[in-house]
Amino acid sequence: MATLNVPPLPPSPRDDAIQLYAAFKGFGCDTSVVVNILAHRDATQRAYIQQEYKAMYSGDLLKRLSSELSGKLETALLPWMHDPAGRDAIILRQSLTLPKNLEAATQLICSRTPSQLHYLRQIYHSKFGVYLEHDIETNTSGDHKKILLAYVTTPRHEGPEVNREMAEKDAKVLYKAGEKRLGTDEKTFVQIFSERSAAHLAAITSYYHSMYGHSLKKAVKKETSGNFALALLTIVQCAENPAKYFAKVLRKAMKGLGTDDTKLIRVIVTRAEIDLQYIKAEYLKKYKKTLNDAVHSETSGHYRAFLLSLLGPNQ
């Protein structure tokens, strides 16, 4: 469930474009107006505003925002202006090329559904003239590269149906490929994690726990490491409960000294129109603090106002 709060009768895109143009005029930018408009418009409305702005002022709204805003607000608001697939493509391109952020690329790829990845690959190629697989091939290595390539290219069922017998068999196969033997058969992990549906993987984890007394997640941590482990853990956690997974990612971004704003922005901006309400509920349940309060204490100024607007009411 999304947290994005759009007015029941929003102004027309033309009116929004006029308001934004007025906010840019004069000395300095009226940032509050920019945040108040754009943080309360959905992807379609934001696209129409950009079209109207271009038609009326012969200018690119994204370029204007980039020149008027700065710092963390600019970092958060510019990706927000894109549609979900376009945004994912931009984040991936930036994460896979210099300076590389393979954690971000891995978390993004391994938390998306097969249909989202299929569309993302098309958008990626049309935007950058290169295939996503090529950039993965060039910028990653080893088993990490194998799981990412398999995960983005393998078609997977998206329905809730599960073959229980096969799920139980897969749990046994993973045990034999990992904990039961000396060394790890990574190829088996890549095959099962990239070919099975989310519902099927969730069933595997249930069987694994009942048969071997601990979670598949624990086994993955024990048997693998680095970005390969991160990919497998992201896949299995998103199969079980994506909201809980993202709540953990957000907690990690804000825990300890300093805030990982890149991670904080990435999760809030990419999930606000999908399931941020569920993520907020999981965050409160696990950490006994609202996500809004956590974000409020870690951010400031217009950047804080923008993120809190996307988060919706404090609950």
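Throughout, residue positions are numbered sequentially from 1 according to the sequence presented. Computed from heavy atoms alone, side chains included, the values below leave out hydrogens, waters and symmetry copies.
A distance of 9.0 Å separates CD of Glu186 from OG1 of Thr188, quoted to the nearest 0.5 Å. The structure places CG of Leu96 at 6.0 Å from CD1 of Ile109, a figure rounded to the nearest 0.5 Å. Interatomic distance, CG of Leu61 versus NZ of Lys54, reported as 11.0 Å (0.5 Å rounding). Expressed to the nearest 0.5 Å, how far CD of Glu165 lies from OH of Tyr207 amounts to 9.0 Å. Between atom NE2 of residue His302 and atom NZ of residue Lys72 there is a gap of 14.5 Å, rounded to the nearest 0.5 Å. Note that SG of Cys29 and CG of Leu65 are 8.0 Å apart. Values are rounded to the nearest 0.5 Å.
Hydrophobic clustering keeps Tyr119 apart from Ile91 (ILVMFWY residues linked when any side-chain heavy atoms are closer than 4.5 Å, directly or through intermediates). In the hydrophobic clustering of this structure, Leu78 groups with Ile37; members are Ile, Leu, Val, Met, Phe, Trp, Tyr whose side-chain heavy atoms approach within less than 4.5 Å, directly or through other members. The hydrophobic cluster containing Val152 also contains Ile90, counting ILVMFWY residues as joined when their side-chain heavy atoms lie under 4.5 angstrom apart, directly or transitively. Both Leu264 and Leu310 belong to a common hydrophobic cluster when Ile, Leu, Val, Met, Phe, Trp and Tyr are linked at side-chain heavy-atom distances under 4.5 angstrom. Under a hydrophobic clustering in which Ile, Leu, Val, Met, Phe, Trp and Tyr are joined whenever their side-chain heavy atoms come within less than 4.5 Å, directly or via other members, Val173 and Ile235 fall into the same cluster.
For Lys289 against Tyr283, the heavy-atom pair with the smallest separation is O-CD2, 3.2 Å. The two residues Met81 and Gln50 have their closest heavy-atom pair at O-NE2, 3.0 Å. The two residues Thr224 and Ala229 come nearest to each other via the heavy atoms OG1-CB, 3.3 Å. Among all heavy-atom pairs drawn from Phe306 and Val35, the shortest one is CA-CG1, 3.8 Å. For Ala85 against Leu120, the heavy-atom pair with the smallest separation is O-CD1, 3.7 Å.
In this structure, the side chains of Ile147 and Ser194 come closer than 4.5 Å at one or more pairs of heavy atoms. Leu20 places none of its side-chain heavy atoms less than 4.5 Å from the side chain of Arg64. Side-chain contact between Leu311 and Thr290 is absent, with no heavy atoms from C-beta onward closer than 4.5 Å. For the pair Asn292/Lys280, a side-chain contact is recorded, criterion being any heavy-atom separation below 4.5 Å from C-beta on.
Side chain of Arg112 to backbone of His118: no donor-acceptor contact under 3.5 angstrom is found. Panel note: side chain Arg87, backbone Pro79; a donor-acceptor pair is recorded below 3.5 Å. Lys180 places no side-chain N or O within donor-acceptor distance of the main-chain N or O of Ala177, the cut-off being under 3.5 Å. A donor-acceptor pair under 3.5 Å is formed between the side chain of Asp42 and the backbone N or O of Gln45. Side chain of Ser206 to main chain of Ala202: no donor-acceptor pair is present (N/O by atom type, distance under 3.5 Å, no hydrogens or angles).
A salt bridge links Lys263 to Glu103: one of the charged nitrogens lies within less than 4.0 Å of a carboxylate oxygen.
Counting heavy atoms of neighbouring residues, nucleotides and ligands inside a 6.0 Å radius, atom NZ of Lys176 does not exceed 12 of them. No more than 12 heavy-atom neighbours from other residues, nucleotides or ligands sit within 6.0 angstrom of NE2 on His296. More than 12 heavy atoms of other shown residues, nucleotides or ligands fall within 6.0 angstrom of atom CZ in Phe24. Surrounding NE2 of His157 are more than 12 heavy atoms belonging to other residues, nucleotides or ligands, all under 6.0 Å away.
By the 30° and 60° cut-offs, the orientation of the rings of Tyr175 relative to Tyr212 is parallel. Ring geometry for Tyr57 against Tyr21 counts as parallel: the plane angle stays under 30°, on a 0 to 90° scale with 60° as the upper cut.
Ser197 and Glu158 are not linked by any side-chain donor-acceptor pair at a separation below 3.5 angstrom, with hydrogens and angles left out of the test. When only modelled atom types and interatomic distance are considered, His200 and Asp170 share a side-chain donor-acceptor pair under 3.5 Å.
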Show me the donor-acceptor pairs within less than 3.5 Å that the side chains of residues 125-137 make with the rest of the protein, sequence neighbours left out.
residue: Ser126; atom: OG; partner: Gln122; partner atom: O; Å: 3.4
residue: Ser126; atom: OG; partner: Ile123; partner atom: O; Å: 2.9
residue: Glu133; atom: OE2; partner: Arg121; partner atom: NE; Å: 3.4
residue: Glu133; atom: OE2; partner: Arg121; partner atom: NH2; Å: 2.7
residue: Asp135; atom: OD2; partner: Arg93; partner atom: NH1; Å: 2.6
residue: Asp135; atom: OD2; partner: Tyr124; partner atom: OH; Å: 2.5
residue: Glu137; atom: OE2; partner: Lys145; partner atom: NZ; Å: 3.1

List, one per line, each side-chain donor-acceptor pair under 3.5 Å for residues 241-251, sequence neighbours excluded.
residue: Asn241; atom: OD1; partner: Ala243; partner atom: N; Å: 3.2
residue: Asn241; atom: OD1; partner: Lys244; partner atom: N; Å: 3.1
residue: Asn241; atom: ND2; partner: Glu282; partner atom: OE2; Å: 3.1
residue: Tyr245; atom: OH; partner: Gln107; partner atom: NE2; Å: 3.4
residue: Tyr245; atom: OH; partner: Thr234; partner atom: OG1; Å: 3.2
residue: Lys248; atom: NZ; partner: Gln237; partner atom: OE1; Å: 3.4

